[in-house]
Structure formats: structure tokens, C-alpha cells
Amino acid sequence: MDVLLDIMEPGQSLLPHQSGPGGHKRVVGMDLGTTYSLVAAIGLDGKPLCIPDEDGVCALPSVVHYGEDRSVRVGEAARRVAVTHPQTTIASVKRYMGRGLADVSHHLSTTPYVLEAGDGGMVRIVVGDTRVSPVEVSAEILKVLKKRAEDALGGVLHGVVITVPAYFDDAQRQATKDAARVAGLEVLRLLNEPTAAALAYGLDKGNEGLYAIYDLGGGTFDISLLRLEKGLFQVMATGGDSALGGDDLDHWIMQRIMEESGVTEPDPGWLQACRKVARAVKEQLSWEVEVVFDVPGLPAHSGRMTRQEFEQGVRDWIWRTIPICRRVLKDAGVEASALQGVVLVGGSTRVPLVRRMVAEFFGREPLVDLDPDQVVALGAAHQAESLGGNIPAEMLLLDVTPLSLGIETMGDLVEKIVPRNAPIPTARAQDFTTFKDGQSAMAIHVVQGERELASQCRSLARFELRGIPPMTAGAARIRVTYQVDADGLLTVSAREETTGVEQSIKVKPSYGLTEDEIADMLHEALRHGASDMQARLWNEAKVEADRVLAAAEAALRVDGDLLDAAELQQVKGAMQALWEATRGDSVDLVQERIQQMDQKTRFFAERRMDRSLQQAMTGRKVDDFA
């Protein structure tokens, strides 16, 4: 079982904070989660503590109910009325932060409340005769955490560190800061969730080395590779999917219940009740092999699900995390064998299949001795204490930007100014010049992505630099500076060096990238790059193919007895097809054969994971993996 980190016990005290000169400032760390949210601060012993409510419960359900009398309920009180008031009780709002309606359309069939496009692009939630934004809903959650912290600390908060998924883009990060501002909070920093987890883990254990932080929460997935050294926490590379998490597993169970019970047009109340049952089934299957449950609204019908059925149904969702992990290792230029450990974060990592897949991919059992639900908030509390000036800044956090930031130049080309996985905060500048004689203005188009053409990247902002003195083409010198702050937010400025004329803009897109856009930016940049990139593309494809073949050969040597003759022939046939593709010159064919090999050998990988689990469980209790 997971060993819980400290939480406040009855009679236990936090540090005596005061906002006056020379005293400790009231600062806290907050984990604004998809399913649950938490707040933590530093205790009298100098260790972080999660602050509970009056009933001693730390985890606040991220659920908000809007009453007809304009009252607002948050947390467990809201969750209790979700079934009777399905269209005015909002859950998992984090998935809508910085998003447009099209970005969340795939969840509309199991969403009990009405969504619509709002002004500026961000999705709005219809609540009675009004509309609320995800920012407003998140602010209500933060207000409850704020009051809980102020009651515990005895006064108004000076500042807060709020955690966000590492793969949140500019719009999602800005939406989070906006929610904090609406809640009356001063944000000291937005801290990436995997970094916060590593911070808590490193300080708690005193460990050093290279660690992977695998963070699968209710609505988001992140994988970050961090190097922990004396006084330095450096993110080497990061990746993820900001629309993949435990909610997707719940969604699959809901669909299964709907199919078996014959419900084709569920009403909002039934959907809320079904969601509650689905989550309970998922959690129960983490320690039991079979669950019997009642289908809401259909008392004559009960359901039954085994862990094996559940794992078969959600395997593809969890498998989506593995290629992302592979890419992050590749970006950092390291092998899985170089890691000192793999830390699991997020409640969804309690699912046994997740732990088996992680163990198989990284070649080691993941570290589960820290509570995956609390560790992010505890790390944020450490960082808040440092940024608030209450303790010396004994550590340096170096995070990275997940996607390249560039500028459009003539011919729709992109000049990358801040490359993907560049350490932040950072400021980088590049000089540009005019294209025409007598040109007195320059249009600045800021883009994000990995493609070579601006039209293929995400447009973030546009502005003009005016007042350039008339010169011959190429004579003017315009310095464009990109500044990415510690929160991952971008400011762009352009300055004409002769006159000193300058213009700047804080980039704030109306809503963010979809997970498909992020994945496409990375993949399509390689697949459809300019002709001068073809050699690099081929080399990378060849290296990946060689790695896959070598891994398959090693697997056959060790576990080939798991296959019968026909299955062995199937695996070897896929290997032969991939090897033959590497003899040609088609990048697309190699990538296609790698995918085919993955599909044709997946059953082998699953059997190897099952064997690894059985070996690991020898002499141990099943409960240890619950």
C-alpha cells in the first residue's frame, strides 16, 4: 500500500505565520486538480503538511454546484447534489481550462450539462439562465482552499504556488492565473506538477540522480525527466497529453454500462449517477479482481465487471502514455537504464495495469512510497515557502518549455527563437531586417510548434513595429526578444536599434491547443519537414527501427517460451518486414512498419508484463499493489 506523507492531525500546528516585517509570510501550495484539489503549508517541524477541512479530510472534490438562489456549493456538498441537480453541478472543469468547444466535443455524449462557445473562443457552461467560464468555476474551488488555509494560518495569505500540468500551453496557464486572480490570490509561481512531485520526493528522501516523473491524474498526463543534484532540480525534457487521464477510464466504464443496460438517450441525472458508479468501480478494481454494482436508475439490473475485462477495455488509453515516455527519453538523449527511479504521481497510477505498463517500459518497478494524491501539493508548499522568503533559496528549479516558439519570416517560414525543451525562465533574442526599400513598419507574427511553415504552426499573437526609419532593404536592424517567465508565459518585444522604437505584447491566446494539435505539431514537423531535413528524418527513423528490433530480439531470447510456433512466426515476420524497410529509403514506410510491429507484437508485450508482475508478486501480498 502507499505510505501517506504527513497531514495535519488534530491538535497539530502549522508554523506561526505573520505578514508583518521580519515574520514568516503566509504562503501555501495548491494543487488544482481535475478530480480533487489540495492545499499544503509548512509545519512546525519544517515539513509540508496538507491542510484538512473541519472533518479532517484533505482532498477537496473539484466539484461546484450553482443553486437557483445564486448560492455556490463546492466539494463534497456539491458532489452530494450532482445526481439531483446534474446540469448545474460541474465536475472535472480542469479539462475545459483554456479550451474551445471543438476541443471538448468528444466528451459531449457523457457530459450532463450544456456547453457552448463563448466570446473569445473559450467554452462556456450553461447554468440555468446564466453562463459560467471554466475560470470562474475553478476560482470557486480556489476560494475554498484559500479560506481553509487562512483559517489554519490565522490570517490573509501573502501568496500561493499553484501547480499545473507540464504540458499546459499558454492559454491553459493563463486561465489558471486568471482563476487565482478571481479568487483573490497572489500567484508567486505556476509550478509544473511533475516538478513539484520531484521537489517533494527529493527533499523528503535526499535522493539525487535522474528520475522520471510519470503523472497520470484525473484529466491530464505528464511525463518529465528531471535531474536532481545538490541544490538543482533540472527538467531535462517533458511531454504529455493534456486531455488524457482517469476520466477517460471512467468514460469507458460508463459506455459499457450504457450498452449493457440498453440506455441510448440518458438524461442528465442518470449520467451523473452513472459517472459516480463508474469511478467507484474503477477504484474498487484496483484491489479486487471482480466488482458487482447496481446500475443507477435501473434497480432491476445489476452489473458485474472483472479486472481483466476492465484492463482489456482501457488498455489502449493507458498505452497512449508509452510512446510519449519513449519520446521524452529520446529528447533527453538517455536510455531507461540510466534512471535512478520512476516516481508515480496522480490517483490514476493506482490502477494495477498502469503500474505494470510503467514497470515493463522502464525496466524497473516504479516508486510508490509517496502518496500520489498529495505529493504535488506538498512540493508546491516547499516552493511557496522559498519564494515567500521564509527560507533561504537553497535550490534552483530549471523547467522547460514543451513546444518551440518562433516568428514568421518571408515565404511563410518559421524562425525558431526558443526551441522545444529550452530551460525556463529564459530570454532569447534574434536580429531581423526589412525586405523592401523604405519599409517603415514590420509585422510580427508569433507562432508555436515544430513545423517549418508558419501556416502549419499555432498562431499565438500578431503586432506591428512602426516608426522604422526609411532605409534600403536589409539596412535596418530589428531585434526581436522572446521572454518566457517561470510560469511558462511568453512576452515578445521588437526594437529598432537605430531609433530605439520598441513595441511589446504579452501573449494571451483566447484558448489553448488540443492534444491532437500538440501531437501533430511534433509528428508532422518530422514527417513533412523541408527537403534539407530528409537526411535527419531518415537517420532518426533508422535509429528508432534498430532500437525496436534490438528490443524484440532481446525479448525473444528471454521470454520466447511464451509464444507458440504460429505466434513466434508472426513476431519474426513483423521483425523481418521492419528490417526490410530499413534497407530502402522511405521514412514513411519505416514508421508504418514500426507501427505494424507494435500492433502485431502487443500481445507478446502484455504476456511479458503479466509474467513480470507474477515474478514481482512472489512472496508478496496482492494488497501491496492495490
Side-chain angles (χ1 to χ4, degrees), residues 98 119-121 169-171 173-175 177-178 190 398-513 517 521 524-525 528-533 536:
D119 295 337
D169 58 48
D170 280 12
R173 291 170 187 270
Q174 189 61 57
K177 292 196 77 172
D178 290 345
L190 295 180
L398 295 179
D399 228 316
V400 297
T401 181
L403 291 168
S404 299
L405 298 164
I407 186 173
E408 180 183 356
T409 61
M410 290 302 300
D412 193 34
L413 297 178
V414 175
E415 184 69 23
K416 293 182 176 65
I417 295 180
V418 180
R420 175 166 57 104
N421 283 325
I424 58 172
T426 187
R428 302 197 180 194
Q430 195 159 330
D431 289 344
F432 297 88
T433 189
T434 52
F435 179 70
K436 296 181 180 179
D437 292 340
Q439 185 175 336
S440 60
M442 176 178 286
I444 307 295
H445 183 199
V446 183
V447 297
Q448 183 179 40
E450 309 307 316
R451 299 290 297 274
E452 298 302 312
L453 301 181
S455 58
Q456 297 168 336
C457 292
R458 179 59 181 261
S459 176
L460 294 183
R462 296 176 185 267
F463 66 98
E464 282 193 356
L465 176 65
R466 297 182 176 275
I468 300 174
M471 303 181 191
T472 58
R477 188 160 67 95
I478 294 92
R479 172 153 294 189
V480 178
T481 302
Y482 280 33
Q483 292 180 299
V484 183
D485 64 19
D487 297 329
L489 299 175
L490 172 65
T491 299
V492 179
S493 62
R495 174 186 173 89
E496 201 288 306
E497 295 296 302
T498 304
T499 62
V501 173
E502 186 170 2
Q503 181 70 33
S504 66
I505 184 172
K506 286 188 176 181
V507 175
K508 187 178 179 180
S510 57
Y511 62 98
L513 301 166
E517 287 175 321
M521 284 179 179
E524 296 297 312
H528 298 298
S531 58
D532 60 351
M533 297 175 65
R536 187 184 70 175

Practice problem: Report yes if some heavy atom in the side chain of V446 is under 4.5 Å from a heavy atom in the side chain of L490; otherwise report no. | Solution: yes
Quiz item: Is the backbone of R420 close enough, under 3.5 Å, to the side chain of S404 for a donor and an acceptor to pair up by distance?
Solution: yes
Quiz item: Which residues satisfy the side-chain contact (heavy atoms from CB on, under 4.5 Å) test with E415, sequence neighbours excluded?
Solution: I407, T409, Q430, F432
Quiz prompt | Sequence-distant partners of K416, side chain to side chain donor-acceptor pair (under 3.5 Å), two or more places apart | solution = none
Exercise. Grab the two heavy atoms, one from V414 and one from G406, that are nearest each other, plus how far apart they are.
Key: CG1-CA, 4.3 Å
Quiz item: Would T481 and V492 count as a side-chain contact (heavy atoms from CB on, under 4.5 Å) if you check the C-alpha gap in whole Å, the side-chain angles of each, and the deciding distance to 0.1 Å?
Solution: CA-CA 6 Å; T481 302; V492 179; over 6 Å; no
Quiz prompt | Contacts of type side-chain contact (heavy atoms from CB on, under 4.5 Å), residue A427, not counting sequence neighbours | solution = Q483
Quiz item: Partners of A494 by side-chain contact (heavy atoms from CB on, under 4.5 Å), sequence neighbours excluded?
Solution: I444, F463, L465, I478, V480
Self-check item: Straight-line distance of R173 CZ to D485 CG, nearest 0.5 Å
Solution: 9.5 Å
Exercise. Under the side chain to side chain donor-acceptor pair (under 3.5 Å) rule, collect the residues that match up with T434, sequence neighbours excluded.
Key: none
Quiz prompt | For R428, salt bridge (charged side-chain N to carboxylate O under 4.0 Å, His left out) partners two or more places apart | solution = none
Exercise. Mind checking side chain to side chain donor-acceptor pair (under 3.5 Å) for T499 and listing every partner two or more places apart, or none if nothing turns up?
Key: E496
Practice problem: Go through the structure and list residues passing side-chain contact (heavy atoms from CB on, under 4.5 Å) with T472, not counting sequence neighbours. | Solution: D437, A475
Quiz item: With sequence neighbours excluded, what pairs up with E464 under the side chain to side chain donor-acceptor pair (under 3.5 Å) test?
Solution: R466
Self-check item: Non-hydrogen atoms of G467 and V501 that approach each other most closely
Solution: O-CG2, 3.9 Å
Quiz item: What's the spacing between T426 OG1 and I417 CD1 if we round to 0.5 Å?
Solution: 11.5 Å
Self-check item: T491 backbone acceptor or donor facing Y482 side chain under 3.5 Å
Solution: no
Quiz prompt | Separation between CD of E497 and CZ of R477, rounded to the nearest 0.5 Å | solution = 4.5 Å
